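Here's the structure we're looking at; comments come further down.
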Amino acid sequence: MAGKQYKPAQIEPKWQRYWDENGVYRTGSGTDRPKYYVLEMLPYPSGVLHMGHVRNYSIGDALARYKRMQGFNVLHPMGWDSFGLPAENAAIKHNRDPREWTRSNIAAMKRQLRSFGFSYDWDREISSCEPEYYRWNQWFFLRMWERGLAYRKKSAVNWCPECATVLANEQVVAGCCWRHEQTPVEQQEREQWFFKTTAYADELLAALQELQDGWPERVLTMQRNWIGRSTGTEVDFAVEESGEPIRVFTTRVDTIFGATCVILAPAHPLVERLGCGERGRSMAAEAATKAPDDLEKRGFFTGRYAINPYSGAKVPIWVGNFVLMTYGTGAIMAVPAHDDRDFEFCRKHGIDILPVIRPEAGQLADANTMDTAYCGYGVLENSGRFSGLTSAVAIRRMSEHAEREGFGKAAVSFRLRDWGVSRQRYWGTPIPMVRCAVCGVVPVPDEKLPVLLPPDVKLTGSGESPLRECPDFLHTDCPRCGGEAERESDTMDTFVDSSWYFYRYADPKNSAAPYESATARSWFPIDQYIGGVEHAVLHLIYCRFFTKVMRDLGVIDWDEPVRRLFTQGMVIRNGRKMSKNLGNVVSPEDLVEKYGSDTARMFALFAAPPDRDLDWQDEGVEGMWRFLSRVHRFVAANAGPAAAARPRPSNSDDRAALRKLHQTIAKVTTDFETRWHFNTSIAAIMELTNELHARASALSEGVMQECLQRLTLMLSPFAPHLAEELWRQLGREGSVLDAGWPESDARLAKEDTVEIAIQVNGKVRDRLTIPKGLPRGPLADRARQAERIRALLAGKTVRKVIEVPDRLVNFVAF
RNA sequence: GCCCGGAUGGCGAAAUCGGCAGACGCAGCGGACUUAAAAUCCGCUGUCCGAGAGGACGUGUGGGUUCGAGUCCCACUCCGGGCACCA
């Protein structure tokens, strides 16, 4: 497919029409190349292609073929993830070089995908595990560093004392190491590298607005919640005696007169200074390693008090395991009367409850008798000079008051955190930084990139980062002073690779830059991105962040990487998603062996619409194979010379066949253009086949050939091998992909008559075949005359008649 | 605990804008062809009552809106996925 040229002049109007329909999207100037961009998520090089993959890739492949048949230039490339953790695990377990493991798995996977006939642009293939890709990962890292978007800070990691290794969350099982089930995982503070995603929090949120038309609502919702912007107030409570401020963040400063304690996160620095460091640390460790479900809300009193700056009230300072150090300020005020969780906590620990908000139409709750918190807005009571104000007004005035008095201010808080990119692993892009005793942290200069992994490393799975054990790698000269220095031994999260890999597709061989801006511009932003919904918040936020950073670097001039997003459902088997980890995969190889890849992928598409989770069952593959065989036999039996001109229908069977044909084309085309419910497209093609089968002997030669030809074309995106074969049997030249997508003729598709339902009081009592388009009035008259209806209406008064042309008539009668 | 989904026959599902529930396929049953089997072709197939005509019921549960609800609203149940306990 590569290098195939299409005629832009033919294509441009179609392109425009397609996107203008919703008024959402224009391609800009007419000089732009016509384009369409389909993209898959990076497949994991596990070496195993399972039916979950096949289903997912089939979606993109069918779309790519359809768009090619329509005459678009399609960029449909394939890329490979280095997939750090599994590769390294395999290396440890089987004593294999992770590079060799990854590459051989990629090769195996590629063979399988090719055998399925997927139409990827293999000449644009990229692998994020190759040195050239490291170079550009590192290049981006350095640009971020220069702009203060990459920084180092102390952050907690899971640590197994037995392996002396950092563990991923995935490797922590019930609070213990996956390999040492008796060894509790510890929390260890380490210097780690971060990307400042929060610098773009506001923009990442605001820009979701622009994606409204092209992205699934549920993904937008998840991202909105993930970024979690909330406006509120920061207030300093003062520790009694020392006067040290405890800054809390609250969205409900109007309830602050009802605050009856202050609760600190276990990891809050003040916990140490209040003399509770020991208890705080053990609580922090527990909170970090336990699943939220298993974590009971607990807390302890520090024995100290803080002063509420609004009311002057003295409230106890507690530490609670449910308070997050990473959100807000790491400390909260508890208002039990007006917050469910605070209510529960304070009841349990016998802390005072003090209602201060009265519902707009209601009474102030009684602290002694209330059994749930009142969390709504209302009117303030017992709130000093703010009593009598409504919540909305009070929140504004009280924030202003705090700012004037210098103990707080209105503030915006995000749930989104900076992105920790450090990994203590071997198999990833090395972070291009050097630590010099004299100069401090110094970046590796561009011309020294890429920093490559040392080739001979023993991977044992225990001990510090493998790179730390490697003196040749670790020891280097300081790029600034030339003195002795040590390389950063952390490698990058593989999410860094996947945040910009798609740009590289536009220019995969470039050795002077990640990609050339002008080349990227002709393809980007991505028109259609396809991926699993599991990426809704991580990958799909990171890649949006990267695009914004690139824009600010001046590399590109657009804001969002993806215009339209499609999230496919998961394949569920035995109640869990199909994955190699869970060992519940169905291998396509057996199916391919028995029925061929066309049957396998078409069955996967037919089983359920692609955005929906699919419960996998083998039953039914047989049926798809029968269908394709039936089509094959039918074409073989009826193939004849191509008609020179548009065939004229010569009898009613011809007309019926052509009608069905054009209805099917319309159906399949709309499905491709809108929602990709290929199961119904395929059902429509089956219906057409059944219809042709039933009328075969009565059809005139020209109509038969026309129907066979278009049936073949419509089958092509779903069953490419069969379609090519049929195309040849029909005596056509070239590839079916070059033949063009058939157009539906609305006049031929039109039905003359339609069957409507006649209801009496909402129950269907009769059906009637009438000319299509019969308007209201005559419609009801016809319905009223139906025999059964006459009988039912006899002796009753018709109160109301509802007429829906071409659908139904409903008589409301008593 | 929080966020996001889902629930329709024996099974996978369809119903795209509130308008005939169950398209298409699987499984099953009956028939044709066959010495027989396979393959193929034709027909039936939501549940209950009825000999039949026909009737009643029916889209996880309970309410509501409407002439009319699988579809909209409220309250729940169960299942799946994600998570950083989100103040």
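In what follows, chains carry the letters A, B, and so on, assigned in the order in which the sequence lines appear, proteins first and then strands, with residues in each chain numbered from 1. Bear in mind that the values here come from a model prediction, so they are computed numbers and not experimental data.
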Query raised in the report: Quick one: stems for RNA chain B, with Watson-Crick or G-U pairs under 3.5 Å, at least three in a row?
Result: B:1-7 with B:77-83, B:10-12 with B:24-26, B:28-32 with B:40-44, B:46-49 with B:54-57, B:60-64 with B:72-76
Requested in this report: Using whole Å, report how far NE2 of A:H539 lies from P of B:G82.
Outcome: 17 Å
Requested in this report: State, with a plain yes or no, whether a side-chain heavy atom of A:F566 is found less than 4.5 Å away from one of A:P610.
Outcome: yes
Query raised in the report: Are the aromatic rings of A:F345 and A:W318 close, with centres under 6.0 Å apart?
Result: yes
**Report entry** Pair A:K154 + A:E189: basic N to acidic O under 4.0 Å
**Finding:** no
Requested in this report: Mind checking A:F249 for me? I need base, sugar-phosphate or nothing, with any heavy atom below 4.0 Å counting as a touch.
Outcome: base
Query raised in the report: Quick check, are the ring centers of A:F414 and A:F249 under 6.0 angstrom apart?
Result: no
Query raised in the report: Will you find, in the side chains of A:T753 and A:T769, an N or O donor that is under 3.5 Å from an N or O acceptor?
Result: no
Query - Anti or syn - B:G31, cut at 90° from 0 - result: anti
Report task. Could you tell me whether the side chain of A:T260 and the main chain of A:D352 form a donor-acceptor pair under 3.5 Å? Result -> yes
Report task. Kindly check if the number of other-residue, nucleotide or ligand heavy atoms within 6.0 Å of CZ (A:R675) is above 12? Result -> yes
**Report entry** A:R218 side chain, from C-beta outward: closest of B:C4, B:G25, B:A87
**Finding:** B:C4
Query raised in the report: Taking the same atom, C1', in B:C17 and in B:G70, what whole-Å distance lies between them?
Result: 15 Å
Quick test: give all pairs of protein nitrogen or oxygen and nucleotides 12-15 of chain B nitrogen or oxygen below 3.5 Å, distance rounded to 0.1 Å.
residue: B:G12; atom: O2'; partner: A:A607; partner atom: O; Å: 2.8
residue: B:A13; atom: O3'; partner: A:N679; partner atom: ND2; Å: 3.4
residue: B:A14; atom: OP1; partner: A:N679; partner atom: ND2; Å: 2.9
residue: B:A14; atom: OP2; partner: A:R612; partner atom: NH1; Å: 3.3
residue: B:A15; atom: OP1; partner: A:R675; partner atom: NH1; Å: 3.3
residue: B:A15; atom: OP1; partner: A:R675; partner atom: NH2; Å: 2.6

Query - Short side-chain to backbone donor-acceptor contact, A:D418 and A:T197, under 3.5 Å - result: yes
Query raised in the report: Can you tell me how far P in B:G63 sits from the matching atom in B:A69, rounded to whole Å?
Result: 14 Å
Query raised in the report: What integer number of Å spans the C1' atoms of B:A14 and B:A23?
Result: 5 Å
Query raised in the report: Distance between the P atoms of B:U45 and B:G22, in whole angstroms?
Result: 12 Å
Requested in this report: Remember a base hit wins even if backbone is also touched, and classify A:R630 as base, sugar-phosphate or nothing at under 4.0 Å, heavy atoms.
Outcome: sugar-phosphate
**Report entry** Toward the 5' end of RNA chain B, by each residue's nearest nucleotide, A:M624 or A:D339
**Finding:** A:M624
Query raised in the report: B:A38 phosphate, OP1 or OP2: any side-chain N/O from A:R626 under 4.0 angstrom?
Result: no
Requested in this report: Give A:R788 one of three labels, base, sugar-phosphate or nothing, depending on what nucleic acid heavy atoms sit under 4.0 Å from its own.
Outcome: sugar-phosphate
Query raised in the report: Quick one: the side chain of A:R415 and the base of B:C86, do they pair up donor-acceptor inside 3.5 Å?
Result: yes
Query - Exam field: side chain A:R788 to backbone A:R765, donor-acceptor pair closer than 3.5 Å - result: yes
Query raised in the report: So, is B:C17 syn or anti if syn means the angle is within 90° of 0?
Result: syn
Query raised in the report: Taking OH from A:Y377 and P from B:A87, how many angstroms apart are they, rounded to a whole number?
Result: 11 Å
Query - Between C1' of B:C86 and CD1 of A:I263, the distance in whole Å - result: 14 Å
Query raised in the report: Between B:G25 atom C1' and A:L688 atom CG, what is the distance in whole Å?
Result: 16 Å
Requested in this report: Would you mind reporting whether A:I332 and A:F322 have side-chain heavy atoms less than 4.5 Å apart?
Outcome: yes
Requested in this report: Would you indicate which nucleotide in B:G25, B:G19, B:C41 comes nearest to any side-chain atom of A:N690?
Outcome: B:G25
Requested in this report: Using the C1' atom on both, measure B:C26 against B:U35 and round to a whole Å.
Outcome: 32 Å
Query raised in the report: How would you label the contact of A:E622 with the nucleic acid (heavy atoms, under 4.0 Å): base, sugar-phosphate, or nothing?
Result: nothing
Report task. Send over the distance from A:N158 CG to B:A84 P, rounded to a whole Å. Result -> 11 Å
Report task. With heavy atoms under 4.0 Å as the rule, sort A:R229 into base, sugar-phosphate or nothing. Result -> nothing
Requested in this report: Looking at every strand, decide which applies to A:G328 at a 4.0 Å heavy-atom threshold: base, sugar-phosphate, or nothing.
Outcome: nothing
Query raised in the report: Rounded to whole angstroms, how far apart are CD1 on A:I682 and P on B:A23?
Result: 18 Å
Query - A:I227 CD1 to B:C3 C1', straight-line distance once rounded to whole Å - result: 14 Å
Query raised in the report: Is a side-chain N or O of A:H338 found less than 3.5 angstrom from the main chain of A:C375, in a donor-acceptor match?
Result: no
Query raised in the report: Which nucleotide, B:A23, B:A84, B:G5, lies nearest any side-chain atom of A:W226?
Result: B:A84
Requested in this report: Look at the rings of A:F495 and A:H539 and say which category their plane angle falls in: under 30° parallel, 30 to 60° tilted, over 60° perpendicular.
Outcome: parallel
Report summary line: Between A:I756 and A:L538, whichever has its closest RNA chain B nucleotide further toward 5' is A:I756
Query raised in the report: Can you find an N or O donor on one side and an acceptor on the other, under 3.5 Å apart, linking the side chain of A:N225 with the base of B:C3?
Result: no
Query raised in the report: Base, sugar-phosphate, or nothing for A:V804, non-hydrogen atoms under 4.0 angstrom?
Result: base
**Report entry** Within residues 252-260 of chain A, residues whose heavy atoms come under 4.0 Å of RNA chain B
**Finding:** none
Query raised in the report: Using the P atom in both, what is the distance from B:C48 to B:G9, to the nearest Å?
Result: 15 Å
**Report entry** CA sep, side-chain torsions, deciding dist, call: A:N308, A:F257, side chain to side chain contact (heavy atoms under 4.5 Å, CB included)
**Finding:** CA-CA 8 Å; A:N308 182 333; A:F257 279 80; 5.7 Å; no
Query raised in the report: So, A:D493 side chain and A:R423 main chain: donor-acceptor pair closer than 3.5 Å or not?
Result: no
Report task. Would you kindly say whether A:R630 and A:N690 are connected by a side-chain donor-acceptor distance under 3.5 Å? Result -> yes
Query raised in the report: Distance check: side-chain N/O of A:K763 vs OP1/OP2 of B:C57, anything under 4.0 Å?
Result: yes
Report task. Taking atom C1' in both B:U61 and B:C79, compute the distance separating them and give it to the nearest angstrom. Result -> 15 Å
Requested in this report: Considering only atom C1', compute the distance from B:A7 to B:U71 and round it to an integer number of Å.
Outcome: 14 Å
Report task. From the options B:A87, B:A21, B:C4, select the nucleotide whose nearest atom is closest to the side chain of A:V764. Result -> B:A21
Query - Between B:U40 (P) and A:F627 (CZ): distance, integer Å - result: 14 Å
